[in-house]
Engineer: 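One structure follows; several queries about it will come next.
Each chain gets a letter, A, B and so on, in the order the sequences are listed, and its residues count up from 1. Worth knowing before you read on, the calculation uses all heavy atoms, side chains too, and leaves out hydrogens, waters and symmetry mates.
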Number of protein chains: 2
Amino acid sequence: MPTMTAAQRRAADKAEYDAFLAACPSRQLLDRLSDKWVTLVLVGLEEGPRRYSELSRTIAGVSQKMLTQTLRTLERDGLLTRTVTASVPVTVTYELTPLGRSLQQLMAQLKDWAEAHMDQVLTARDSYDAQP
Amino acid sequence: MPTMTAAQRRAADKAEYDAFLAACPSRQLLDRLSDKWVTLVLVGLEEGPRRYSELSRTIAGVSQKMLTQTLRTLERDGLLTRTVTASVPVTVTYELTPLGRSLQQLMAQLKDWAEAHMDQVLTARDSYDAQP
DNA sequence: CGGAATCCTGCCTGATACTG
DNA sequence: CAGTATCAGGCAGGATTCCG
């Protein structure tokens with residue numbers, strides 16, 4: 001007979017799963033890179049430092065909440081730096097660290113892959129959809 | 001005065017935003033790669049064909065719904081093939097296409113990057129958290 | 001075994017208003 | 001300008017059940 005409710009089993013499984021994640025660097029990376037805003041911010045900073053408002057305009061569709069949140073986590077992870085200039089009005093600049101730049105290189109490769117192969121993907125998609 | 005309700009404006013903005021996305025291959029890629037299960041499936045297939053149940057066990061934490069859904073979209077996009085062997089019980093095998101393999105190469109680089117730099121990220125995270 | 005269909009919950013996200 | 005705080009909703013995604 002079960003000694004745990006479904007909810008308890010779920011919690012136990014989740015804790016176990018989290019522990020496994022914590023021990024596995026590649027899984028942690030995936031969690032981070034699986035955030036589309038992370039990728040877009042990295043791409044947005046590829047050509048140098050940008051101000052908050054510039055990023056906000058460049059990355060169309062991002063809410064200020066998600067932009068701030070994404071910038072914070074990236075800063076926390078040491079992928080970019082946040083510089084506040086005490087002027088009126090205040091200016092905040094974001095810039096990739098060397099670590100962030102090394103990751104951005106890989107992102108750029110992904111972007112290149114996409115642009116090179118997107119037509120193949122679209123063709124495959126069409127032929128898949130054409131089937132009854 | 002506004003001639004649209006908030007909901008209408010939202011819908012219009014969204015349509016416009018989607019149209020922009022549709023015209024930009026790199027954005028479409030990001031939408032696809034921002035799915036952590038996509039990455040994990042590609043990694044799971046890197047060493048050759050795998051059966052559904054094998055993938056399900058390898059990719060710990062994935063629900064059957066998300067696994068099936070992910071495999072379907074990847075098949076639709078021409079990144080992997082789905083082969084059904086009419087036996088009892090039925091056997092279904094998934095395998096990367098050449099296109100899928102080329103993307104998997106890049107994913108492997110990301111995985112390597114993660115394993116090489118995760119300690120730096122964790123260090124940065126600790127020092128960030130240590131600040132009052 | 002390998003799914004499809006259904007229900008249901010939580011969190012992600014966006015909108016809005018306020019601060020320094 | 002560059003945020004923080006709060007609230008509401010929509011949908012991603014998990015659990016469950018049933019089918020070929």
Engineer: Please determine whether side-chain contact (heavy atoms from CB on, under 4.5 Å) holds for the pair Leu103(B) and Leu110(A), giving the CA-CA distance in whole Å, both sets of side-chain angles, and the decisive distance to 0.1 Å.
Structural biologist: CA-CA 8 Å; Leu103(B) 178 57; Leu110(A) 278 180; 4.0 Å; yes

Engineer: Send over the distance from Leu40(A) CG to dT13(C) P, rounded to a whole Å.
Structural biologist: 12 Å

Engineer: Within the 3.5 Å criterion, strictly below it, is a donor on Tyr52(B) or Thr93(B) matched to an acceptor on the partner's side chain?
Structural biologist: no

Engineer: Taking for each residue the nucleotide of DNA chain D with the nearest heavy atom, is it Arg72(A) or Lys65(A) whose nucleotide lies nearer the 5' end?
Structural biologist: Arg72(A)

Engineer: According to a strict under-4.0 Å criterion, is Ser53(A) in side-chain N/O contact with OP1 or OP2 of dA2(D)?
Structural biologist: yes

Engineer: Carefully, step by step, assess Val41(B) and Leu67(B) under the rule side-chain contact (heavy atoms from CB on, under 4.5 Å).
Structural biologist: CA-CA 8 Å; Val41(B) 165; Leu67(B) 181 55; 4.0 Å; yes

Engineer: Nearest-Å distance, CG (Leu67(B)) to P (dG14(D))?
Structural biologist: 11 Å

Engineer: OP1 or OP2 of dA15(C) versus the side-chain N and O atoms of Ser63(A): is any pair under 4.0 Å?
Structural biologist: no

Engineer: Rounded to the nearest Å, what distance is computed from the NZ atom of residue Lys36(B) to the P atom of nucleotide dC12(C)?
Structural biologist: 11 Å

Engineer: Test of understanding: clusters of I, L, V, M, F, W, Y form through side-chain heavy atoms closer than 4.5 Å, transitively. Do Leu99(A) and Val43(A) belong to the same one?
Structural biologist: no

Engineer: Using whole Å, report how far CE of Met66(A) lies from C1' of dC12(C).
Structural biologist: 7 Å

Engineer: Respond yes when some side-chain nitrogen or oxygen of Arg51(A) is under 4.0 Å from OP1 or OP2 of dA2(D), and no when none is.
Structural biologist: yes

Engineer: Looking at every strand, decide which applies to Gln64(B) at a 4.0 Å heavy-atom threshold: base, sugar-phosphate, or nothing.
Structural biologist: base

Engineer: What integer distance in Å separates Tyr94(A):OH from dC1(D):C1'?
Structural biologist: 11 Å

Engineer: Please report, rounded to the nearest Å, how far the P atom of dA5(C) is from the CD atom of Gln69(B).
Structural biologist: 13 Å

Engineer: Between dG14(D), dG3(D), dA2(D), spot the one nearest the side chain of Arg82(A), thanks.
Structural biologist: dG3(D)

